[in-house]
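First listed ligand is number 1; within each ligand, the first listed atom is number 1. Count residues from 1 along the sequence.
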Amino acid sequence: MWHYHGSYGFRHTDPKYPFGIRTKRLPDWLPGTGPRGDVRMPWILLDRRGRRFANEYDPYLQDTGARTLGRYDPLVQDYAALPAWLIADSEGTKLYSFGRPTSNERGIAYEWSADNETEIASGILQRASSIEALAQAIGVPGHKLAATVEDWNAACAAQRDDDWGRPPSSMMPIVKPPFTYAAVWPIVSNTQGGPVHDSRQRVLNADGKPIPGLYSAGELGSVFGHLYLSGGNIAECFVGGRIAGREAALRGRG
Ligand SMILES: Cc1cc2nc3c(=O)[nH]c(=O)nc-3n(C[C@H](O)[C@H](O)[C@H](O)COP(=O)(O)OP(=O)(O)OC[C@H]3O[C@@H](n4cnc5c(N)ncnc54)[C@H](O)[C@@H]3O)c2cc1C
């Protein structure tokens, strides 16, 4: 496996629910075109030192969102944003469900409430009455968190995020208590990997030489890796399968 795709999200407090829960799936967008103008994201993400560290609404977030949480900080010999902290104010919390659970396992399902209140009651989300209380809860000095929030609110007023390039239309200030917060983690939605093959779908050994008679087709060993394929899987299945089949048939003949 050489890569996984995923965004960021929550852990359920009920141990019987074994999956991560992605944040609400906002429309993906691509550089150059920008996101839809009416999409708002009420939260920002902070690292463990209380600083923003990424564009919370990066292009193709369902693939790229998890990546920024993975930075290892050699200065403190620990991961800088594992977990990261999602924070929002009371206005933002009313906007929509923060989480969008998905699972495919029979008998395991979770419905997130429309106003996030059930999750606040169950502890998936938490509530703090002031910035000072929030800082204490996430283990960050109060003045640092206050400065981060102040900078963010100024960026919202100016409609410009010079630090991380958050799309202006998505920006919402964090002003009105109580504040909502939660630990967020990388969420895996798809993996990319498998044996390496050449353009004739022949599986290669560790020295890059074809293993006689062994072909691959489909998503296994996909040509896609560094970015989400966005609909290209099925096409690759058709193309790679046809090539592998032809190669195998020709080999049999001769
Ligand atoms: C929720 C979801 C949405 C998706 N949406 C899209 C999309 O919009 N566009 C797109 O292009 N792609 C999409 N994909 C990806 C696409 O469906 C897959 O890439 C594609 O189906 C992979 O085909 P495959 O033949 O390589 O593998 P699979 O379809 O997984 O086939 C592998 C088969 O091997 C069988 N098998 C496993 N082990 C054994 C064994 N030991 N012996 C015998 N048989 C075995 C399995 O039962 C399975 O039938 C989506 C996938 C998911 C899960």
Open item on the list: Residues around ligand 1, heavy atom under 4.0 Å from any ligand atom, sorted by chain and number. Can you pull those?
Closed with: Gly218, Glu219, Gly231, Gly232, Asn233, Ile234, Cys237
TODO: Output every pair passing salt bridge (charged side-chain N to carboxylate O under 4.0 Å, His left out) with a member in residues 6-19, not counting sequence neighbours, ordered by first then second residue.
DONE: none
Open item on the list: Is any side-chain heavy atom of Tyr4 closer than 4.5 Å to one of Asp63?
Closed with: no
- [ ] May I ask you to check whether Phe98 and Trp43 place their ring centers less than 6.0 Å from one another?
- [x] yes
- [ ] Measure from the ring center of His197 to the ring center of Tyr215 and say whether it is less than 6.0 Å.
- [x] no
Open item on the list: Assess the residue pair Phe19 and Tyr17 against the criterion (ring-ring contact (aromatic ring centres under 6.0 Å, His included)); give the C-alpha distance rounded to whole Å, side-chain angles, the decisive distance to 0.1 Å, and a yes or no.
Closed with: CA-CA 6 Å; Phe19 305 112; Tyr17 188 86; 5.8 Å; yes
Task: Donor-acceptor side-chain pairing of Gln62 and Ser189 below 3.5 angstrom - done: no
